[in-house]
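Have a look at the structure below, then the notes.
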There are 2 protein chains.
Amino acid sequence: MGYNVGEKWGERMPVQLNECPVEVVFTMLSGRWKIPIYRYLYNNNKPVRYSGLLRHLPSISKKILTEQLRELERDGIIERKSYLEPRPRVEYSLTSSGSSMIVFLDKMSEWGEKHILSNETEHR
Amino acid sequence: MGYNVGEKWGERMPVQLNECPVEVVFTMLSGRWKIPIYRYLYNNNKPVRYSGLLRHLPSISKKILTEQLRELERDGIIERKSYLEPRPRVEYSLTSSGSSMIVFLDKMSEWGEKHILSNETEHR
DNA sequence: CTGTATCCTACAAGATACTG
DNA sequence: CAGTATCTTGTAGGATACAG
């Protein structure tokens, strides 16, 4: 954890070198809908269509969905496959790199389950 | 990972139940300076003064520093101790709960080291 | 030294309409 | 079906001045 302090956290730009990997990974996943999208793809465990995502995420707009998908794709977390067949469709799925994020996401979830509740009760 | 989709991601509010822990933990740590602050406290391994943080984080303003510290404190990640002695000072340190975040932060860092570079080379 | 109080700005996110 | 193109808005983050 001995990295320089980056000047542009949260900026959704392609990754720079010499940044703290934790900050970089955080940035990759920060976006109102990225974790929900990840969860949906992960749980489904098979490619999901654009319209499927739209249906599953009740209050997202198309513009935002496309934006977040493009960023996830750019960062190598998801994969986009377009089929122009009879009825055109686009399918999204996690890349192997994306799937491997589950290692720390699981740990995060565990930490959360253990500490979020104790906060709640502590504070009232 | 079978949680409902929260409506208020990124909102820096006290934690609600029934949310995805991953999203909650993400929210706890999202803030331009939270990871840098965490890193500084973690690496120092002993209480750090407000002015020390201010000096270490070159381009942060006092308002923002105080804000982020208050949120980290509210979420049980750091601890604030104020001494009114001859020369008043305030010291911040990680709580044990905060320190235990290192478990997933290390995994995140590992993932980052492995995948960020391969992205870079891939894309040029 | 350790903060508040104001004011300001940039940008992520959303609403809505249009398109290949 | 799977997107763009515009326009609007809320809010995180910052600059600066003042205060206990």
Side-chain angles (χ1 to χ4, degrees), chain A residues 5-14 23 26-37 40-41 47-75 78-93, chain B residues 5-14 23 26-37 40-41 47-75 78-93:
Chain A
V5 175
E7 289 306 308
K8 309 192 176 179
W9 202 85
E11 239 193 40
R12 309 286 185 57
M13 299 293 290
E23 288 188 65
F26 251 91
T27 302
M28 283 182 173
L29 291 176
S30 36
R32 167 72 181 80
W33 298 99
K34 287 188 181 173
I35 297 293
I37 289 171
Y40 188 54
L41 295 184
V48 169
R49 302 178 57 171
Y50 184 85
S51 49
L53 282 159
L54 213 50
R55 238 175 297 112
H56 182 72
L57 306 168
S59 54
I60 196 173
S61 83
K62 289 179 176 183
K63 176 189 170 245
I64 302 300
L65 177 56
T66 302
E67 257 177 39
Q68 311 252 311
L69 288 171
R70 292 285 133 85
E71 287 178 13
L72 288 168
E73 192 190 0
R74 180 200 68 195
D75 292 334
I78 68 172
E79 206 172 17
R80 177 183 184 277
K81 276 182 185 154
S82 159
Y83 304 87
L84 297 176
E85 301 159 10
R87 288 266 145 178
R89 77 199 144 95
V90 176
E91 289 182 344
Y92 292 93
S93 53
Chain B
V5 175
E7 288 305 308
K8 308 192 175 178
W9 203 85
E11 241 193 39
R12 307 285 185 58
M13 299 293 289
E23 288 188 64
F26 250 91
T27 302
M28 283 182 173
L29 291 176
S30 33
R32 169 69 181 81
W33 299 99
K34 287 189 181 172
I35 297 294
I37 290 170
Y40 189 54
L41 295 184
V48 169
R49 302 179 55 172
Y50 185 83
S51 49
L53 282 159
L54 213 50
R55 236 175 301 111
H56 183 72
L57 305 168
S59 54
I60 195 173
S61 82
K62 291 177 177 182
K63 176 188 169 247
I64 302 301
L65 178 55
T66 302
E67 257 177 38
Q68 310 252 313
L69 289 171
R70 292 285 132 86
E71 288 178 13
L72 288 168
E73 192 190 0
R74 181 200 67 195
D75 292 334
I78 68 172
E79 206 171 17
R80 178 183 184 277
K81 277 182 185 154
S82 159
Y83 304 88
L84 298 176
E85 300 158 13
R87 288 266 145 178
R89 76 199 145 95
V90 175
E91 289 183 344
Y92 292 92
S93 53

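Quick note on labels: first sequence line is chain A, next is B, and so on, each numbered from 1. When reading the values below, keep in mind they use all heavy atoms of this one structure, side chains included, and skip hydrogens, waters and symmetry mates.
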*Does the side chain of Arg80(A) get closer than 4.0 angstrom to OP1 or OP2 of dG3(D) through an N or O atom?*
yes
*Between atom CZ of Arg70(B) and atom CZ of Arg80(B), what is the distance when rounded to the nearest 0.5 Å?*
5.0 Å
*asked:* Just verifying a value: how many Å separate Arg49(B) CZ and Arg55(B) CZ, rounded to the nearest 0.5 Å?
replied: 8.0 Å
*asked:* Which nucleotide wins on minimum distance to the side chain of Val90(A), given the candidates dT4(C), dG3(D), dA15(D)?
replied: dG3(D)
*State whether Arg89(B) places a side-chain N or O below 4.0 Å from either non-bridging phosphate oxygen (OP1 or OP2) of dT2(C).*
no
*Looking only at side-chain atoms of Arg70(B), point me to the closest of dG3(C), dG14(D), dT4(D).*
dG3(C)
*Could you give the OH-to-P distance, from Tyr83(B) to dG20(D), as a whole number of Å?*
25 Å
_Has Lys81(B) got a side-chain atom pairing as donor or acceptor with Val90(B)'s backbone, closer than 3.5 angstrom?_
no
*Measure from CD1 on Ile60(A) to C1' on dA2(D) and round the result to the nearest Å.*
14 Å
_By the 4.0 Å heavy-atom rule, please label Arg87(B) as base, sugar-phosphate, or nothing._
nothing
*Could you check how far CD1 of Ile64(B) sits from C1' of dG3(C), rounded to whole Å?*
13 Å
*Using atom types as modelled and distance alone, determine if a side-chain donor or acceptor of Gln68(B) lies under 3.5 Å from a backbone N or O of Trp33(B).*
yes
*Would you mind reading off the distance between Leu65(B) atom CG and dT2(C) atom C1', rounded to a whole angstrom?*
10 Å
*Could you say whether Leu69(A) or Lys63(A) is positioned toward the 5' end of DNA chain D, judged by the nucleotide with the nearest heavy atom to each?*
Leu69(A)
*Nearest whole angstrom, please: distance from the P of dA12(D) to the CZ of Phe26(B).*
17 Å
*Would you mind reading off the distance between Arg55(A) atom CZ and dC1(D) atom C1', rounded to a whole angstrom?*
11 Å
*asked:* At less than 4.0 Å, is any side-chain N or O atom of Gln68(B) found next to OP1 or OP2 of dA12(D)? Yes or no.
replied: no
*When you measure from the side chain of Arg32(B), which nucleotide among dG13(D), dT16(D), dG3(C) comes out closest?*
dG13(D)
*asked:* Would you say Tyr92(A) places a side-chain N or O within less than 4.0 Å of OP1 or OP2 belonging to dG3(D)?
replied: yes
_So, does Trp33(B) get its side chain near the phosphate of dA12(D), meaning an N or O under 4.0 Å from OP1 or OP2?_
no
*For Ser51(A) and dA2(D), is the shortest distance between a side-chain N/O and OP1 or OP2 below 4.0 Å?*
yes
*In whole Å, what is the span from the NZ atom of Lys62(A) to the P atom of dA12(C)?*
23 Å
